[in-house]
Amino acid sequence: MTSPLPGATVTDHKAFDAVNAERVVVLDFGSQYAQLIARRVREQHVYCEIVRHDITAERLAEISPKGIILSGGPASIYEDNAPRCDPGLFALGVPVLGICYGMQAACEALGGTVGRAEAREYGRSSCDVISDSSLFSGVPASTDVWMSHGDQVATVSDDFIPLAKTATCPLAAVRHKTLPVFGLQFHPEVTHTPAGSEILGNFLQHECGCSGTWRLEDFAELAIESIRHQVGSDRVICGLSGGVDSAVVAALISKAIGDKLSCILVDNGLLRKNEASAVIEEFSDHFKTDLHVVSAEDRFLDVLAGITEPQEKRRRIGATFIDCFADEASKIDGARFLAQGTLYPDVIESGAAADGPAATIKLHHNVGGLPDDLQFELIEPLRDLFKDEVRQLGINLGLPEHIVWRHPFPGPGLAVRCLGEITKPRLDTLREADAIVLQELRDAGLMRKIAQAFAVLLPVQSVGVMGDARTYEDALAIRAVETEDFMTADWSHIPYEVLGRMSTRIINEVRGVNRVVYDISSKPPATIEWE
């Protein structure tokens, strides 16, 4: 079996590797947006995976990528223990594109120097193309780019040619004279660089020779073949949560192995309103799945009693989920594999991508709560996909749109939207308010426009007046964001009248809430979830 790339799914990729010859790899230097680079490459119909920054040149030669991209990162290349790549990769003859820190790492490795910039650049800058290069084919001579750096390349060896500059960065883009090595100080992967996709496309087409033949449909076919090969005659268990990720995993595995799939729904009391009954109906009636339901609300409330620290909530929920899941799974004969709906952003935000350099932002129970002595082999067929790709995959697999376009729901459920102490009355309050938020968005025709929306119950009470009487009740926040990849997000500009209806209904219909606020923070610096 071909060894999976670091950070890749543990499913057997032998068939995938054999068919998918066009592959580009991103070396991750700790950027939270390495996945965004990979996603932009996939939009060019070229398969892309993320690997560690210190992967050896020998391993890269085995993978035989068509191109190598060095990501940005938070370090300074001149610091002790700064992450560096194997310099041998520049001798492979494979085109290399360094982005921000990746450019600095490449230029330093090839004889240049890097230092603190006299004027740091954060935000939009005007960039002038000063030399002909296929990298800027079709790009205006002057174009806006997105900068985010305090360091920059100070000098390069005579082997480099400057390609572009900004007012404060004379080496905004470079190329090597004899090696297929390119560097961009700006970020082509973000939408704030209007010509970014064109620049990446030029690199993939003109330098890497990619034909752009990869399609998500190919991923589905090869994943199904891979799952069949790995599972053989054994049985797979899949945990259902009500979210799109687990639903797509279940549909994908059902396509692969049919009735050898058993699904378990752990009703932990932390689900959205009517979520458990909807899941039971969909996967019993529509999918005819062997569905096992575990009623465990009291068990979860017991382990969460008095716990207010977010990471501890996640740890306890993850551990209790595994215990409940394992108890039920032990009753299913022939079960050897556990399927999960882990996505790329889950892996990166958990700092779990092959012990990569990215910081842990929060624990995801899919990737952070599994015990060392887990009795199942993991199958995570979506581990290399982004949320928008998962939704498209669900449509391709024939899932109904009301499942595919559900707003994302965190693994720990309402526990990380109920800030402070977790009790059944507080959860019920949050459930009712959350249902009103989602219903008003549906009625306004905004559910598809908004990527994720939900209510957050705050550990804050405020004074109010109801019926000429003083109240001192809970405050509740509404969170709604627009995003393509969930790695960056902007708050959604919901019309005031819709927000007004939400607030009025929540205060009138949900006992115990007398104040509603709207979250207008973007990601970064905030995360989408509050905990």
Considering residues at least two apart in sequence or located in another chain, which fulfil the salt bridge (charged side-chain N to carboxylate O under 4.0 Å, His left out) criterion with Glu207?
none
For Arg299 and Thr320: C-alpha separation, side-chain torsions, deciding distance, then whether side chain to side chain donor-acceptor pair (under 3.5 Å) applies.
CA-CA 8 Å; Arg299 188 169 176 179; Thr320 307; 5.9 Å; no
CD/Gln392 to CG/Leu385 distance, rounded to the nearest 0.5 angstrom?
11.5 Å
Heavy atoms, side chains only, cut-off 4.5 Å: are Leu301 and Thr423 in contact?
no
Side-chain H-bond candidate by donor/acceptor type, Asp490 with Ser522, under 3.5 Å:
yes
Evaluate salt bridge (Lys or Arg N to Asp or Glu O under 4.0 Å) for Glu401 paired with Arg448, printing each intermediate quantity in order.
CA-CA 11 Å; Glu401 288 202 4; Arg448 291 282 289 271; 3.2 Å; yes
Can a salt bridge be assigned to the pair Glu225 and Arg228 using a cut-off of 4.0 Å between side-chain N and carboxylate O?
no
Test salt bridge (charged side-chain N to carboxylate O under 4.0 Å, His left out) applied to Glu389 and Arg383, Arg39, Arg42, the passing residue
Arg42
Counting C-beta onward and ignoring hydrogens, is there a side-chain heavy-atom pair between Ile379 and Val249 closer than 4.5 Å?
no
So how far is it from Trp405 CH2 to Ile395 CD1, rounded to the nearest 0.5 Å?
7.5 Å
Quick one: do Arg431 and Asp434 make a salt bridge, cutoff under 4.0 Å?
no
Return the set of residues passing salt bridge (charged side-chain N to carboxylate O under 4.0 Å, His left out) with Lys255 (not counting sequence neighbours), or none when no residue passes.
none
Please work out whether the ring planes of Phe29 and His53 are parallel, tilted or perpendicular, with thresholds of 30° and 60°.
tilted
Contacts of Glu297 that satisfy salt bridge (charged side-chain N to carboxylate O under 4.0 Å, His left out) - sequence neighbours left out
Lys424
Going by distance alone, is a donor N or O of one side chain under 3.5 Å from an acceptor N or O of the other, for Gln452 and Glu529?
yes
Which residue pairs pass the ring-ring contact (aromatic ring centres under 6.0 Å, His included) test with at least one member in residues 242-265, sequence neighbours excluded?
none
Would you check if Leu343 and Val390 make a side-chain contact, meaning some heavy-atom pair closer than 4.5 Å?
yes
With a 4.5 Å limit on heavy-atom distance, are the side chains of Glu377 and Gln230 in contact?
yes
Not counting sequence neighbours, which residues clear salt bridge (charged side-chain N to carboxylate O under 4.0 Å, His left out) with Arg272? List them please.
Glu275
Considering only NZ, NE, NH1 and NH2 on the basic side and carboxylate oxygens on the acidic side, decide whether Arg23 and Glu49 come within less than 4.0 Å.
yes
What distance separates Ile332 CD1 from Ile264 CD1, expressed to the nearest 0.5 Å?
4.0 Å
Contacts of Phe325 meeting ring pair (Phe, Tyr, Trp, His ring centres under 6.0 Å) (sequence neighbours excluded), chain-then-number -> Phe321
Apply the salt bridge (charged side-chain N to carboxylate O under 4.0 Å, His left out) test between Glu531 and each candidate in Arg417, Lys313, Arg479; give the one that qualifies.
Lys313
